Amino acid sequence: MTATTTELTGTVHRPGDPGWAAAVTGYNLAVVHAPALVVEAHEAADVAAAVRYAAGAGLGVAVQNTGHGARGPVGPDVLLLRTGALDSVTVDPATRTATVGAGARAGALIAATAEHGLAPVTGAAPTVGVVGLSTGGGIGPLARALGYAADRVRSLEVVTADGQQRHVDADSEPDLFFALRGGGGGVAIVTSMTIDLVELPGFWGGAVFFPGADAAAVLHAWRTWAPSLPTEVTTSIALLRLPPLPQLPEPLRGQFLVHLRIASVGSPEAGAALLAPMLQVAAPVLSTVGAMPYTALGAVHMDPADPAPTADAGCLLGEFTAEAVDALLAVAGPGVQTPLLAAEVRALGGAMAEPPAVPNAVSGRDARWSLYAVGVLVPPVAELVPAAVTGVVAALQPWRSGVQYNLAAGQGLAEAWPAGVLARLQQVTRDRDPNGLFRPAQPVPM
Ligand SMILES: Cc1cc2nc3c(=O)[nH]c(=O)nc-3n(C[C@H](O)[C@H](O)[C@H](O)COP(=O)(O)OP(=O)(O)OC[C@H]3O[C@@H](n4cnc5c(N)ncnc54)[C@H](O)[C@@H]3O)c2cc1C
């Protein structure tokens, strides 16, 4: 059906409808949206119709796929566009590319490309949306070897604020192509995206869990060991306070642990030799490290797949000194009473620091370390969680060097980009959405 300015296509939910509760929530159950209506798109034309309808009705447009990046909540001045049904994934082995719909998740993309011995650059969690991750940058478990997900985006199909469907690549729409690769999805709604794949059937790595009591020794050793690794290896570390869930392996259930993540595109022998010094620092409780198919990428970070109400905070660090380790231990280490689920530090650099062939708006390109904290808002500690996660970032303030868009948790976005990149993002936003129709979860500060 051809939409006019007042016709909606797709599945429309209005307040009180039976599907309303599911339509206004997502991965982060702490964010319950209260929009005027929800449109579930089944094809790109539904997105264009929703944009035209919203513009005519004086509503803004917010997009939600999985809700992993939900902020807000949005209110009754907004049409919430759900993209989860646009979950197509097609792989072209001849050109080593994949084209994903706006609703595709990393796990589905990885499964489809693995059939051809190919791999996409994604983040740590298979449940995260490919488009949401890539428009914000996209740091994965192999990031030092493979770079940002955004650097692999070849072209996009979008709907702009005038309700038109457009093809975006480096030649046809250079400004949109720049902004939609790292600047978030605030300048257009992506309906599908084509990305370059790498030939990579598997990797070496996994998770090593140390007792939380050894956190000081392990973190101090890790902070000097991580920068010594070749860029074929990527690593991060997290202080984890795991709930006593039956789905967790017995040695991890209900425990305070240090979770060392490692992933390498090099040989298993080289990886094992590089990891060996860390295994001398303390005796691991459990190690899953080994040769893995790429489909097991999610096993490196083991992020929770099930929706939960969460609060988070994050920033980039210029240095991770011995004093910074002590500051982290003081808020999240052994003996500290805290409702944190995780406080993690990722070692960055390598391919992430290399400029892409066509400049883009990825933030944190020169960053050395990323800090991120998250907690679950459940009684009896729910009220304490927001201060605990922001407290981790505050404790590491002396070493702060900015924020990475995807891991900024909605705070400090003005620091995300160098002034020239921010100015270009602001200009693209003004040019392409002059009336502020789009309401991204993390808007570019204007
Ligand atoms: C458990 C977990 C693990 C994570 N791991 C990583 C990681 O390893 N590396 C990393 O870089 N990030 C990571 N993130 C952050 C994640 O990449 C961002 O939150 C991302 O925005 C999620 O995208 P989504 O589509 O799944 O979420 P959603 O909440 O559905 O979308 C988030 C925002 O993305 C934008 N967006 C989504 N779809 C579109 C579209 N079609 N067009 C335009 N804009 C759109 C919108 O602004 C939307 O509000 C993680 C988050 C969680 C919760």
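From a predicted model like this one, the values you see are computed outputs, not experimental measurements. Numbering of ligands and ligand atoms starts at 1, following listing order.
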Which ligand 1 atoms does [X] reach within 4.0 Å, using its non-hydrogen atoms?
X	answer
A441	47 (O), 49 (O)
V131	39 (C), 40 (C), 41 (N)
A124	7 (C), 8 (O)
A102	41 (N)

>> Using the rule given for salt bridge (charged side-chain N to carboxylate O under 4.0 Å, His left out), can you reason through R424 versus D175, listing the C-alpha separation, both sets of side-chain angles and the distance that settles it, and then say yes or no?
In response: CA-CA 8 Å; R424 187 170 176 192; D175 282 339; 2.9 Å; yes
Answer yes or no for [X]: is there a heavy-atom contact with ligand 1 below 4.0 Å?
X	value
G137	no
E344	no
A188	yes
T135	no

> Does ligand 1 have a heavy atom under 4.0 Å from the side chain of L133, from its backbone, from both, or from neither?
Replying inline: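 Both of them.
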Decide whether an N or O pair under 3.5 Å exists between [X] and ligand 1.
X	value
A125	no
Q404	no
G140	no

>> Tell me whether R96 at atom CZ has more than 12 heavy atoms from other residues, nucleotides or ligands lying less than 6.0 Å away.
In response: no
> Can you find a protein heavy atom closer to atom 35 (C) of ligand 1 than 4.0 Å?
Replying inline: no
